[in-house]
Amino acid sequence: MPELPETILDPAIIANPGPTLDLLLEHAPVFRDEVMGAWIITRYDDVKSIFADDRFSRDRRRGQHYIPPAPGSWAEKLDDDATSRSDGEEHRRWRARIAKGFTPRAVARQESQVRDVVAQFGEPLRGRTGVVDLVDVFTNPIPNTVISRISGIPPYPGEEDRFRQIAQDVIRRFITMADEENIRRGERAIDELAEWVGKLADERRQQPAEDLVSDLIHGNPKDPMSDTDIVMLVASLIAAGSETTTLGGTHTLRFLLENPEQLALLREDRSLSRNAVREALRFGFGSIAGGVPRFALEPIEFRGAAIAKGDMVMVSTLGANRDRSVIDDPDRFDITRDTRDLLSFGSGPHYCLGANLAMQEMACMLEEALDFLPEDAQLLSDEIVWETVGLIRRPTTLPVRFA
Ligand code: HEM
């Protein structure tokens, strides 16, 4: 058997997880990482079964790496909220409440908001020359602005930039294995966000508008929501939906620019755009562990491994998406392959609530990019600036030479 790594926390592995994932897939599908204090699960069928198994909880507070939030902070309330737990009834109730914000009427409104926002950031890029950082001017501002439009935040003009910064920071609280500095930064952002949402909820209670906060306040007469509920819901959406979609959009453009023949294929047939996004999520979204932790609620025997009560189990969607039993030649970036059954948005009771919105946003960004990117646009790969937080390594810039 080839030598297995001691830990996936090795920066070289975080930077290029593919070969290590392949080793684990073949030789150690239930891998014990002693340094991280976690099990790493990579095979497609195993990942899917854990997503559906309620002996594996989503409650982060059960993990040994859990850094408790400052007492009395909004982060503490969020962690105590049902959304972070995997247990059935309360979580189902929470999902049903969020669904009030995604009725067909609201979704139609959101789709047109997405198109408007993407055009707002895309149009100024037509005819641009020189080097443009597409993260700065395109893939980063769009998801945050979309959430801001959809939810109705920020209520006051001129605060969009601050809101975007907060939205970007909120996620730091939730990244597995993030260090204390990032966690505290995330907590402060959540507190600031909560104040903002609370103010808006007050206003929308008096005077409803066409936005998510109004739908949530007025759409549940039998199950009225308090301001605290609304703050927590909106914070969860921002935490789950901003940075993820920025990353998805950035990687989609990156992989296409790195694979010009695939970009040419897409230019010929734009109906492939959703598939191109799904393939980009499969190919390189997130980190080695795919960022989805679970905690064993009881001792569990899994593929012969003895998982103890309280153990952290990292469910690697990135690994599952490379499993040769479901995907041929995983190192080939191929926008024509069938990726519909893959697990980039999770599976089971916690399946991503924003998957449709995210797909629409990313496909819309991609189509807009096809309009503004000149045929000979060139990605300056060596100049991309990367940031690692916990297990996530992300491009914070995407410099592209336009002409
Ligand atoms: C590329 C974009 C995105 C990716 C790859 C993604 C991925 C995921 C994954 C893997 C999960 C499952 C987590 C688990 O099982 O522990 C999840 C859950 C979730 N996502 Fe997304 N997501 C994306 C965008 C969004 C957006 C735009 C929103 C909302 C506006 C959103 C809202 C949520 C929520 C609320 C949950 C928790 C659902 C639950 O616990 O029942 N996501 N997402």
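We count ligands from 1, going down the list as the structure has it; atoms in each ligand are counted the same way.
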Report, as yes or no, whether the 6.0 Å neighbourhood of atom [atom1] on [X] holds more than 12 heavy atoms from other residues, nucleotides or ligands.
| X | atom1 | answer |
| --- | --- | --- |
| Glu6 | CD | no |
| Glu301 | CD | yes |
| Asn356 | CG | no |

- Item | Criterion side chain to side chain contact (heavy atoms under 4.5 Å, CB included) against Arg282, the qualifying member of Ile327, Leu343, Leu318 |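 Output: one option passes, namely Ile327.
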
Tell me whether [X] has any N or O atom under 3.5 angstrom from an N or O of ligand 1.
| X | result |
| --- | --- |
| His350 | yes |
| Thr244 | no |
| Arg58 | yes |

- Query: So which of Pro143, Ala355, Ala240 gets nearest to atom 33 (C) of ligand 1, if we judge by its closest heavy atom?
  - Reply: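 Result: the heavy atom closest to atom 33 (C) of ligand 1 is in Ala240.
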
- State, to 0.1 Å, how close Pro143 and Thr246 come at their nearest heavy-atom pair, and which atoms those are.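 Heavy atoms only, the tightest pair is CG-OG1, 3.4 Å.
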
- Query: Quick one: which ligand 1 atoms are inside 4.0 Å of a heavy atom on Met362?
  - Reply: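 Those of ligand 1 that fall under 4.0 Å from Met362 are 1 (C).
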
- Show which atoms of ligand 1 fall inside a sub-4.0 Å distance from at least one heavy-atom site of Ser344.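 Near Ser344, the atoms of ligand 1 are 5 (C), 7 (C), 10 (C).
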
- Can you tell which part of Pro293 has a heavy atom less than 4.0 Å from ligand 1: side chain, backbone, both or neither?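 For Pro293, no heavy atom sits under 4.0 Å from ligand 1.
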
- Query: Of the backbone atoms (N, CA, C, O) and the side-chain heavy atoms from C-beta on, which set of Ser242 has a member under 4.0 Å from an atom of ligand 1: side chain, backbone, both, or neither?
  - Reply: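 Ser242 to ligand 1: no contact under 4.0 Å from either part.
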
- Touching ligand 1 at all, Leu357? Heavy atoms, strictly under 4.0 Å?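 Leu357: in contact with ligand 1 (<4.0 Å).
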
- Message: Strictly distance-based, threshold 3.5 Å: is any side-chain N or O of Arg324 a donor or acceptor partner for the main-chain N or O of Pro330?
- Response: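 A pair under 3.5 Å: no.
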
